[in-house]
Amino acid sequence: MAPRRDLVPWPTDPADALALQEGLRRLVVAAGSPEPAHVAGLDAAYSTDGGTVFGAAAVLVSPSLGFVEGATAAVPATFPYIPGLFAFREGPALLAALDRLTCRPDLLMVHGHGIAHPRRCGVASHLGVVTGIPSVGVADTLLCGEAGETGASRGSAAPVTEKGEVIGCAVRTRAGARPVYVSPGHLIDLAGAVRVVLQTSPRFRTPDPLRAAHRLAVLARNTAASR
DNA sequence: GCGACAG
DNA sequence: ATCTTGTCGC
């Protein structure tokens, strides 16, 4: 799948962002079963004044989950937080961090939703289409749809549906902890997305790539704050 | 019209 | 997301 970097830069006006998202949604492919070696976790942190977004990308190699490389980028926050348009707020910083990596990861694991989104085009799908790299969305709470009851043991999953359409899965990545919500971003199906999440979260609720990315983002923010 | 609403 | 200490529980 060819990259669509031509679909950036990012609009500043919510109405324009919505229009762009409506176009992007038609390019999303929630199918495929990649077996990624290099998984890049993508997350962001914000400056205290909320004026800067620190995007981070952390690459881990499968199946050892060893750290390979990381990168961060500080970008001015030019778009407000609007549920459904999250990609336009964090996307620029995440993409900037991704551009600073030495290697091209085989899969992007994004903190946020993929197709479990009102228009089936969450930040994970958005970044997948823009980069042409298979992507998965992992979120802490639902944005839309309803989740079935998840079994108590690690590995159990229950579908997230909206109007009868399966758009994701609630996945128990750790016994005793709330499930995470997984959905395909781009170039991967739901089963594949759940598989990758479970393979990368052997011990903690949050998959290792996202934990690493979170640490990098917070570190970058605190480093910038203390100078 | 009234809620709900990723980070 | 972020402002914020200690505290309850496994």
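Values below: all heavy atoms of this structure, side chains included; hydrogens, waters and symmetry mates excluded.
Among the protein residues, A:V53 comes within range of no part of the nucleic acid, since none of its heavy atoms lies under 4.0 Å from any strand. Residue contacts for A:A45: at a heavy-atom cut-off of 4.0 Å it reaches the sugar-phosphate backbone alone, with no base atom in range. Residue-level contact check: A:G84 touches the bases, meaning some heavy atom is under 4.0 Å from a base atom. Among the heavy atoms of the strands lying under 4.0 Å from A:H111 are primed sugar atoms or P, OP1, OP2 only; no base atom is included. Within 4.0 Å (heavy atoms only), A:L42 reaches no atom of the nucleic acid at all.
When rounded to the nearest whole Å, the span between CG of A:D49 and P of C:dT2 equals 12 Å. Distance A:I167 CD1 to B:dA6 P: 13 Å, rounded to the nearest Å. The distance from atom CD of A:E146 to atom C1' of B:dC5 is 15 Å, rounded to the nearest whole Å. Spacing between atom CZ of A:F86 and atom P of B:dA4 amounts to 21 Å, rounded to whole angstrom units. Rounded to an integer number of Å, the gap from A:H113 NE2 to B:dG7 C1' is 10 Å. One can place CZ of A:R221 at 16 Å from P of B:dG7, the figure rounded to the nearest angstrom. For the pair A:F88 CZ and B:dG7 C1', the interatomic distance rounds to 15 Å; values are reported in whole Å. Residue A:L142 contributes atom CG, which lies 22 Å from atom P of B:dG3 at whole-angstrom precision.
Using modelled atom types, one side-chain atom of A:R205 and one backbone atom of A:R178 make a donor-acceptor pair closer than 3.5 Å. Looking at A:R25, its side chain does come within 3.5 Å of a backbone N or O of A:R119 through a donor-acceptor pair.
Closest to the side chain of A:E90, from the set C:dT2, B:dA6, B:dG7, is B:dG7. Residue A:T48 has its side chain nearest to C:dC3 when only B:dG7, C:dC3, B:dC5 are considered.
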When you look at A:S125 and A:V28, which way does the side-chain contact (heavy atoms from CB on, under 4.5 Å) test go after all the steps? CA-CA 6 Å; A:S125 297; A:V28 177; 4.0 Å; yes

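Side-chain atoms of A:F54 and A:T72, non-hydrogen and from C-beta on, never get closer than 4.5 Å to each other.
Following chains of ILVMFWY side-chain contacts shorter than 4.5 Å, one can reach A:L85 starting from A:L94, so the two form part of one hydrophobic cluster.
One finds a side-chain N or O of A:T141 lying less than 4.0 angstrom from the OP1 or OP2 phosphate oxygen of B:dG7. Neither OP1 nor OP2 of B:dA6 sits under 4.0 Å from any side-chain N or O of A:Y181.
Partner of A:V59 under the side-chain contact (heavy atoms from CB on, under 4.5 Å) criterion, chosen from A:D106, A:L101, A:L98, A:T102: A:L101.
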Dot-bracket pairing map - DNA chain B, Watson-Crick plus G-U, both contacts under 3.5 Å, | cross-strand: .......

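There is no side-chain donor-acceptor pair under 3.5 Å between A:E90 and A:Y81.
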